[in-house]
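For the numbers below, each heavy atom of this structure counts, side chains included, while hydrogens, waters and symmetry mates do not.
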Amino acid sequence: MNDIRVNEILETIEMIDKECLDIRTITMGISLLDCADSDIRKSCQKIENKIMRLAKDLVKTGEDISLTYGIPVINKRISVTPISMLLAVSGGDPVEYALTLERCAINLGIDFIGGYSALVQKGFSAGDRALIESIPEALARTEHICASVNIGSTKAGINLDAVKLMGEIVKKAATITKERDSLGAAKLVVLCNAPEDNPFMAGAFHGVGEPDVEIHVGVSGPGVVRAVLAKADKNLPMNEIAELVKKTAFKITRMGQLVIKVASERLNVPAGIIDLSLAPTPARGDSVAEILEEMGLASCGAYGTTACLAMLNDAVKKGGVMAAQSVGGLSGSFIPVSEDAGMIRATRNKTLGLEKLEAMTAVCSVGLDMVIVPGDTSANIIAGVIADEAAIGMVNSKTTAVRIIPAIGKKEGDHVNFGGLLGKGDVMGINMTSNDIFVNRGGRIPSPLQALKN
């Protein structure tokens, strides 16, 4: 027994030191519903008071856990109630809320706050349109704020009026931050079937069905899975590869379960969910694309990529769900192009294009993420990409998302660098065939038969 325990400890140390294993984020979800006020200044003050009170020890707790257990906790984040709900009560300039959240982020030393958001899958209610139209300015004037808009769901269908508007908003967010490689669009995601307990940015917000405050943990570890597969016999059948991934995902998630338990106890905040997702970084070896390549593909994007990704996503969930008390968020495998070294390489080599990425999103845990396209891509083309991705999510009853960056002043093949976890990459080509009549029709795509589950 002692030998087993020593071996397990040494294995974990190797995962952390050599294979990029980490806790990607501890995210505190905070409800702001009790901060609503008809006076926006009073509402902002209530928000600041509540966040500063509840999250005052968040960063320190993450750092202490890292020191105590030797587990890197990379990001400390906050998600809040969709701000459009507060704006419906207060009116006024929505950017005041963004600036309030930014002050909290700076004073607390956290990495991101998510929840500058609106949920418009079935239509616009009070506050929604004003919040959405303010997103470009809010992202340009802040460093730590992330925005998201849910424009569809399996239950509601797709709000095509919101899809058209979001094409315009993405383009504007990129344009007014063009001096920073259009960074604004990199902090904005458009979702279908958005989960209310997601700890990962930019789509994190604290849903109205969640408790007043809770702690979520997002685990990672694509480098660990890649290393395991690199050591495996190249003649192993795929079902045995799936078993290796499942066992590895179990080990990774157990570390997350430890962190969420300790963080919950030290912060005196209820534990929420563990998101099992393999979340890559630009670091060498920490790549989902390289996992797929270890399965036998010469490059991510080769025929067979979607099949390998489907197996990976399923195996991660099967292995992780047994290791955690409560699983939620997105949970699976992320494929953010600019954040994954293997995908950056594949796009540069022209083995991975936008159409293949769209096919992959049907089986991964999110969607088209951190895709950089030419700066002259029209708002309607962007809206069409959003609509296609939302349709995949709606019909398959899964979360899909679009985080697309039209790099203003850049053309296909040019390089963009966002820095940090947002990464870098080359501008990808995109089909510029007109879709204006479709996008301008507006209205709604009705919910599919899959919605009739009662």
Pairwise distance [atom1]([X]) to [atom2]([Y]) - rounded to 0.5 angstrom:
{"X": "Glu96", "Y": "Leu87", "atom1": "CD", "atom2": "CG", "result": "11.5 Å"}
{"X": "Met360", "Y": "Leu309", "atom1": "CE", "atom2": "CG", "result": "5.0 Å"}
{"X": "Asn198", "Y": "Asp275", "atom1": "CG", "atom2": "CG", "result": "6.0 Å"}
{"X": "Leu297", "Y": "Leu292", "atom1": "CG", "atom2": "CG", "result": "6.5 Å"}
{"X": "Arg226", "Y": "Ile291", "atom1": "CZ", "atom2": "CD1", "result": "8.5 Å"}
{"X": "Leu101", "Y": "Leu32", "atom1": "CG", "atom2": "CG", "result": "7.0 Å"}

For [X] and [Y], does a side-chain donor sit closer than 3.5 Å to a side-chain acceptor?
{"X": "Asn349", "Y": "Thr351", "value": "no"}
{"X": "Asn380", "Y": "Ser378", "value": "no"}
{"X": "Tyr97", "Y": "Ser43", "value": "yes"}
{"X": "Thr27", "Y": "Arg77", "value": "no"}

>> For Arg180, is the CZ atom crowded, meaning more than 12 foreign heavy atoms sit under 6.0 Å from it?
In response: yes
> More than 12 heavy atoms of other residues, nucleotides or ligands under 6.0 Å from NZ of Lys155: is that the case?
Replying inline: yes
> Asp426 and side-chain hydrogen bond (donor to acceptor under 3.5 Å, both in side chains): which partner among Arg345, Arg348, Lys350, Lys410?
Replying inline: Arg348
> For Asn193, which of Thr154, Asn396, Thr399 qualifies under side-chain hydrogen bond (donor to acceptor under 3.5 Å, both in side chains)?
Replying inline: Thr154
Heavy-atom side-chain proximity of [X] to [Y] below 4.5 angstrom:
{"X": "Glu358", "Y": "Thr400", "value": "no"}
{"X": "Val245", "Y": "Val316", "value": "yes"}
{"X": "Pro406", "Y": "Val170", "value": "yes"}
{"X": "Pro94", "Y": "Tyr116", "value": "yes"}
{"X": "Glu63", "Y": "Val73", "value": "no"}
{"X": "Gln257", "Y": "Arg254", "value": "yes"}

>> So which atom in Ile176 and which in Pro136 form the shortest heavy-atom distance, rounded to 0.1 Å?
In response: CD1-O, 3.1 Å
Donor-acceptor under 3.5 Å ([X] side chain, [Y] main chain):
{"X": "Ser66", "Y": "Gly62", "answer": "yes"}
{"X": "Lys398", "Y": "Cys192", "answer": "no"}
{"X": "Lys187", "Y": "Thr142", "answer": "yes"}
{"X": "Ser84", "Y": "Ser117", "answer": "yes"}
{"X": "Asp161", "Y": "Gly443", "answer": "yes"}
{"X": "Glu102", "Y": "His144", "answer": "yes"}
{"X": "Asn435", "Y": "Phe438", "answer": "no"}
{"X": "Arg403", "Y": "Val189", "answer": "no"}
{"X": "Glu412", "Y": "Val427", "answer": "no"}
{"X": "Asn440", "Y": "Gly442", "answer": "no"}

> Lys122 and Asn159: side-chain hydrogen bond (donor to acceptor under 3.5 Å, both in side chains), yes or no, with the steps?
Replying inline: CA-CA 6 Å; Lys122 210 167 184 179; Asn159 180 351; over 6 Å; no
>> Taking the basic N atoms (NZ, or NE/NH1/NH2) and the acidic carboxylate oxygens, is any pair closer than 4.0 Å for Glu168 and Lys172?
In response: no
> Hey, is Asp314 close enough to Lys317 for a salt bridge, meaning N to O under 4.0 Å?
Replying inline: no
> Run the side-chain contact (heavy atoms from CB on, under 4.5 Å) check on Glu196 and Phe205 step by step: do they pass?
Replying inline: CA-CA 6 Å; Glu196 297 191 346; Phe205 64 89; 4.0 Å; yes
>> Could you go through Leu368 and Val337, starting from their C-alpha distance and side-chain angles, then the distance that decides it, and tell me whether this counts as side-chain contact (heavy atoms from CB on, under 4.5 Å)?
In response: CA-CA 8 Å; Leu368 291 172; Val337 178; over 6 Å; no
>> Whether Arg129 engages the ring of Phe124 as a cation-pi pair (distance to the six-membered ring centre under 6.0 angstrom, angle to the ring normal within 45°) should be assessed.
In response: yes
>> Applying side chain to side chain donor-acceptor pair (under 3.5 Å) as the test, list every pair that has at least one member in residues 203-214; sequence neighbours left out.
In response: Lys50-Asp212, Glu214-His216
